[in-house]
Amino acid sequence: LITKTDTNPFFVKMKEGATAKAKEVGVTLKSYAGKIDGDSESQVAAIESCIADGAKGILITASDTKGIVPTIKKARDAGVLVIALDTPLDPVDAADATFATDNLLAGKLIGQWAKGTMGDKAKDAKVGFLDLTPDQPSVDVLRDQGFMMGFGIDPKDATKIGDEDDKRIVGHDVTNGNEEGGRKAMENLLQKDPGINVIHTINEPAAVGAYQALKAVGMEKNVLIVSVDGGCPGVKSVEEGVIGATSQQYPLMMAALGVEAIKKFADTGEKPKPTEGKSFFDTGVSLVTDKPVSGVPSISVKEGLAKCWG
């Protein structure tokens, strides 16, 4: 198992799921992680170690979804089954399979919710995007562009961030998926336009950082923040009104299914198949909010807390 970091609760839960399932089905699990989100060098070194160790399979959440592909190819050429978890590779078929949230749908749900919550004011909204890293990994692009589609913003080329021309967009900044990054990015966008009133965030730590920056200038009541992840701290942030709504994903299931798939491949040579009509195996997503919007499916904070992680 190779994750982006070993500190983000999402990857901690992923490791938990993989460890428990490995024990249950009798496989040996080795875990590796980048030092920070975006540290692809450590991930490349981890794949090389797995090949040298004769690993039967690799589960990876890639930091650099394009840059890692040549090393992934090396592993697959050596007979290793490679499954991308959470973050599809670019191209998606560079891995044998992908077990992930439908991140485009996760983005669409929070976009639809934000639009419905704002009502008529959505047409004059001032929207900021707190994204992940400058190299735009697939998970970042899918959530960002999905939000736009849900909110009614034309994303132009939906495979990249930043080519849109909707006047409601104040700007994009990167957070590295953590609180400190979210705070700084929010401060930057406030300098661009202090009238900003909707914030899409890549994940809940970034959302909390954004809220802190807004609170510091007395603006936390004026801005609608939405996010993706569904970790327990994030769902509690929805309960407290820090985040308006979040799209919850299920990392424990991703990792457990990944381990099962590698065991099956080792035993029978059979590779996992994607969900019908999709290029990946969809592990599900639910919008969590206590302020539901008509026509946008959601679950309550209470239900979200029962399914959360971290």
Side-chain angles (χ1 to χ4, degrees), residues 1-20 22 29-50 55 58-69 71-72 82-90 95 98-101 103 106 130-144 173-185 201-210 212 227-235 237 246-256 258-259 283 308-310:
L1 174 70
I2 305 169
T3 53
K4 293 178 189 178
T5 72
D6 55 11
T7 52
N8 184 318
F10 185 83
F11 302 123
V12 172
K13 182 54 71 172
M14 198 175 259
K15 187 175 173 181
E16 227 175 82
T19 304
L29 178 75
K30 290 188 178 182
S31 298
Y32 306 83
K35 295 177 186 73
I36 57 165
D37 222 317
D39 172 17
S40 190
E41 281 176 25
S42 294
Q43 294 195 319
V44 168
I47 295 170
E48 302 278 11
S49 294
C50 293
I58 293 172
L59 304 170
I60 183 165
T61 60
S63 276
D64 183 346
T65 47
K66 274 186 189 164
I68 200 91
V69 167
T71 316
I72 297 272
V82 178
I83 298 175
L85 298 183
D86 172 57
T87 303
L89 297 179
D90 187 2
T98 304
F99 288 12
T101 307
N103 280 296
L130 300 193
D131 297 315
L132 188 56
T133 54
D135 57 1
Q136 300 190 9
S138 52
V139 64
D140 203 9
V141 175
L142 290 163
R143 292 178 188 181
D144 176 295
D173 209 329
V174 295
T175 64
N176 289 315
N178 61 47
E179 265 185 50
E180 178 63 12
R183 191 176 58 74
K184 283 182 181 162
T201 60
I202 179 68
N203 65 9
E204 291 147 1
V208 170
Q212 288 165 353
S227 199
V228 178
D229 255 358
C232 298
V235 177
S237 291
T246 193
S247 285
Q248 185 172 60
Q249 43 179 0
Y250 303 105
L252 194 142
M253 189 197 296
M254 280 177 210
V259 170
T283 53
C308 69
W309 39 268

Inspect the surroundings of NZ in Lys15 and state if more than 12 heavy atoms from other residues, nucleotides or ligands are less than 6.0 Å away. no
Glu180 atom CD, over 12 foreign heavy atoms within 6.0 Å: yes
Side-chain donor-acceptor pairs of residues 59-69 under 3.5 Å, sequence neighbours excluded:
unit_1, atom_1, unit_2, atom_2, d
Thr61, OG1, Lys4, N, 3.0
Ser63, OG, Gly38, N, 3.2
Asp64, OD1, Lys66, N, 3.3
Asp64, OD1, Gly67, N, 2.8

Any sub-3.5 Å donor-acceptor pair from [X]'s side-chain atoms to [Y]'s backbone N or O?
{"X": "Asn8", "Y": "Phe10", "value": "yes"}
{"X": "Asp144", "Y": "Asp140", "value": "no"}
{"X": "Gln248", "Y": "Gly231", "value": "no"}
{"X": "Trp309", "Y": "Met14", "value": "no"}

Can you name the disulfide (SG to SG under 2.5 Å) partners of Cys50, sequence neighbours left out? none
Write down the atom of [X], the atom of [Y], and the distance for their closest heavy-atom approach.
{"X": "Ser247", "Y": "Ala106", "answer": "OG-O, 2.8 Å"}
{"X": "Leu252", "Y": "Gly17", "answer": "CG-CA, 3.7 Å"}
{"X": "Leu130", "Y": "Gly182", "answer": "CD1-O, 3.8 Å"}
{"X": "Thr283", "Y": "Tyr250", "answer": "O-CD1, 3.7 Å"}

Matching residue for Asp229 among Asn203, Ile202, Val235, Thr101 - test: side chain to side chain contact (heavy atoms under 4.5 Å, CB included):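 Checked Asn203, Ile202, Val235, Thr101 against Asp229; only one passes side chain to side chain contact (heavy atoms under 4.5 Å, CB included): Asn203.
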Sole residue of Thr201, Asn103, Asp131 in side chain to side chain donor-acceptor pair (under 3.5 Å) with Arg143: Asn103
Go through Glu204 and Thr246 one step at a time and tell me if the side chain to side chain donor-acceptor pair (under 3.5 Å) criterion holds. CA-CA 8 Å; Glu204 291 147 1; Thr246 193; 2.6 Å; yes
When rounded to the nearest 0.5 angstrom, what is the spacing between OG in Ser138 and CG in Asp90?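 These two atoms lie 7.0 Å from each other.
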Could you tell me which residues satisfy ring pair (Phe, Tyr, Trp, His ring centres under 6.0 Å) with Phe11, sequence neighbours excluded, listed by chain and number?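 So Phe11 forms no ring pair (Phe, Tyr, Trp, His ring centres under 6.0 Å) with any residue.
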